[in-house]
Protein chains: 2
Amino acid sequence: MSRRSGILEFAVLGLLRESPMHGYELRKRLNTSLGIFRAFSYGTLYPCLKTLVANGWLIEETGGEAAPPPASGRGVASTSSLAGRRAKIVYRLTAEGKEHFEELLSHTGPDAWEDEHFAARFAFFGQTEREVRMRVLEGRRSRLEERLEKMRASLARTRERLDDYTLELQRHGMESVEREVRWLNELIESERSGRDQRRSSPEGSTRHDTSGETGGLPRNRDNTRPDPSDDTK
Amino acid sequence: MSRRSGILEFAVLGLLRESPMHGYELRKRLNTSLGIFRAFSYGTLYPCLKTLVANGWLIEETGGEAAPPPASGRGVASTSSLAGRRAKIVYRLTAEGKEHFEELLSHTGPDAWEDEHFAARFAFFGQTEREVRMRVLEGRRSRLEERLEKMRASLARTRERLDDYTLELQRHGMESVEREVRWLNELIESERSGRDQRRSSPEGSTRHDTSGETGGLPRNRDNTRPDPSDDTK
DNA sequence: AATTTCATGTAATTCGTTACATGATTCC
DNA sequence: GGAATCATGTAACGAATTACATGAAATT
């Protein structure tokens with residue numbers, strides 16, 4: 001069976017949906033373009049790709065002609081077409097894969113509000129139905145509000161017994177969560193007022209500049225860990 | 001050898017240093033008092049405790065293995081069945097354990113600036129030498145600044161190709177990191193001004209006033225609340 | 001009396017990393 | 001021709017979770 005990672009599977013499917021890629025590039029996109037994801041290692045990625053192929057969500061397209069059974073008629077010639085470099089194994093989403101991804105997109109389990117999961121969901125909001133986006137945002141918010149409740153309670157209970165540093169750490173942690181809640185509030189407000197009803201095409205952006213004041217933070221801790229095989233190094 | 005979790009080991013040692021406890025309580029402290037820690041499960045905690053005992057850093061104190069262990073005379077031994085009642089096991093730090101913990105406290109490897117590790121270190125700053133605190137805070141800060149650099153680069157590189165949501169996620173992530181940097185700056189400033197408040201000779205007596213932080217951390221506000229139980233699950 | 005909370009554990013499983021191998025291509 | 005980077009994998013291990021199993025104490 002292939003109860004693979006969930007988040008990795010989801011992200012891979014989502015990225016490949018935009019365009020076919022080989023493993024190496026995929027990993028880079030995972031770490032940079034979707035900055036939220038922690039750096040998955042090849043030891044994780046490649047086996048996952050195999051599983052996805054085995055499930056029929058992906059097919060491999062080898063660029064090399066050495067293989068006699070290239071069954072599927074693919075028009076992608078080994079050279080020329082792809083900007084200068086030629087990859088060994090290009091993964092492409094199958095129809096079933098696409099279907100599976102859509103299904104994952106619309107399925108909102110209570111998993112979807114957890115830190116990493118939420119970030120992954122959010123990263124593909126461009127492909128997500130508005131209704132689902134709402135559910136995810138609101139789910140996340142109430143998850144955080146729960147968390148806040150506990151933190152407040154704990155703080156009240158232990159206030160006297162702790163030293164300044166511990167207290168400060170808790171205070172800071174709580175503030176972070178509060179910020180994320182505010183951020184979510186703004187996003188939800190945006191969705192409601194119908195900011196952009198988008199479709200999957202990456203069109204121009206209505207960016208408000210990066211110095212915007214939409215305080216808060218989703219990706220709290222554990223983002224990227226140092227990685228031996230890290231890019232941009 | 002037991003290259004156990006590192007952070008769990010560290011936290012357990014640190015908590016037990018303050019006072020002996022049994023496993024169940026330990027876990028609660030891990031989740032609440034030191035709110036930063038993700039909720040370790042019993043499946044993680046108990047085996048870890050065993051390892052620590054095996055290493056000689058802890059000893060188990062069962063209700064008293066001699067004959068009459070009931071502590072305060074109570075309905076003991078009602079279970080006619082032998083084997084003694086299943087007693088609480090209180091763990092106490094041994095001298096070696098204490099020594100080991102001090103060693104961990106003063107050792108600053110590049111691990112120490114990683115997210116979870118850092119939080120654990122910070123939580124025990126009360127027991128930590130000022131000099132070491134400085135190293136950890138500054139190490140953490142430069143780790144984050146590195147991170148920011150990468151994020152900025154990535155953002156600049158991909159700005160055009162991404163949709164609004166992805167961009168927003170990245171923006172938000174960056175802001176979070178920036179915010180933590182500012183926090184660290186304040187803390188570092190506090191440490192600096194807290195040191196040698198009175199008549200500072202660079203050396204002199206190395207009194208460590210672990211409790212009365214003259215520098216003063218940013219104070220926090222009141223949150224009074226009663227509260228029933230809590231448990232992260 | 002029944003339920004909840006306290007308390008301790010184990011086995012199987014999931015998720016992911018490190019370290020190791022290998023080779024092709026590009027840049028200097 | 002040698003280094004760096006691109007590219008793909010595997011085996012061994014690591015850390016932590018879940019689900020299971022047990023039982024005592026306190027509450028209702």
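Protein chains get the first letters and strands the later ones, always in sequence-line order, with residue 1 at the start of each.
The side chain of B:T44 contributes an N or O atom lying less than 4.0 Å from OP1 or OP2 of D:dT17.
Between the CD atom of A:E114 and the P atom of C:dC15 there is a distance of 14 Å, given to the nearest Å. A straight line from CD of B:E116 to P of C:dG16 spans 14 Å, rounded to a whole angstrom. Atom pair B:E60:CD and C:dA7:P shows a separation of 16 Å (rounding to whole Å applied). The distance between atom OH of B:Y24 and atom P of D:dG23, rounded to the nearest whole Å, is 18 Å. Look at CG on A:L49: it is 16 Å from P on C:dC15, rounded to the nearest Å. For B:E9 and D:dG14, the CD to C1' distance is 14 Å, given to the nearest whole Å. Atom P of nucleotide D:dA7 and atom CD of A:E61 are separated by 16 Å, given to the nearest angstrom. With rounding to whole Å, B:L30 atom CG is found 11 Å from D:dA16 atom P.
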Atom pairs under 3.5 Å: protein N/O with N/O of nucleotides 10-13 of chain C:
from   : atom 1 : to    : atom 2 : distance (Å)
C:dT10 : OP1    : B:K50 : NZ     : 3.4

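Between B:E168 and B:R171 there is a salt bridge, since a side-chain N of the basic residue sits under 4.0 Å from a carboxylate O of the acidic one. A salt bridge does not link B:E175 to B:R179: none of the charged side-chain nitrogens sits closer than 4.0 Å to a carboxylate oxygen. With respect to the salt-bridge test (charged N to carboxylate O, under 4.0 angstrom), the residues A:E180 and A:R147 do not qualify.
Among pairs with a residue in residues 89-108 of chain B, those fulfilling salt bridge (Lys or Arg N to Asp or Glu O under 4.0 Å) read B:R17-B:E102, B:E61-B:R92, at least two apart in sequence or across chains.
No more than 12 heavy atoms of other residues, nucleotides or ligands sit less than 6.0 Å from atom CD of A:E131.
Of the candidate nucleotides D:dA7, C:dT18, D:dT17, D:dT17 has the atom lying nearest to any side-chain atom of B:F40. Side-chain proximity of B:I89 to C:dG9, D:dT17, C:dC6: nearest is C:dG9. The side chain of B:K88 lies closest to C:dT8 when the candidates are C:dT18, D:dA16, C:dT8.
Ring orientation note: the planes of A:F118 and A:W183 are nearly perpendicular, at an angle over 60° on the 30°/60° scale.
Within the 3.5 Å criterion, the main-chain N or O of A:W57 finds no donor-acceptor partner in the side chain of A:N55.
Both A:L45 and B:G23 sit near DNA chain C, but only B:G23 has its closest nucleotide nearer the 5' end.
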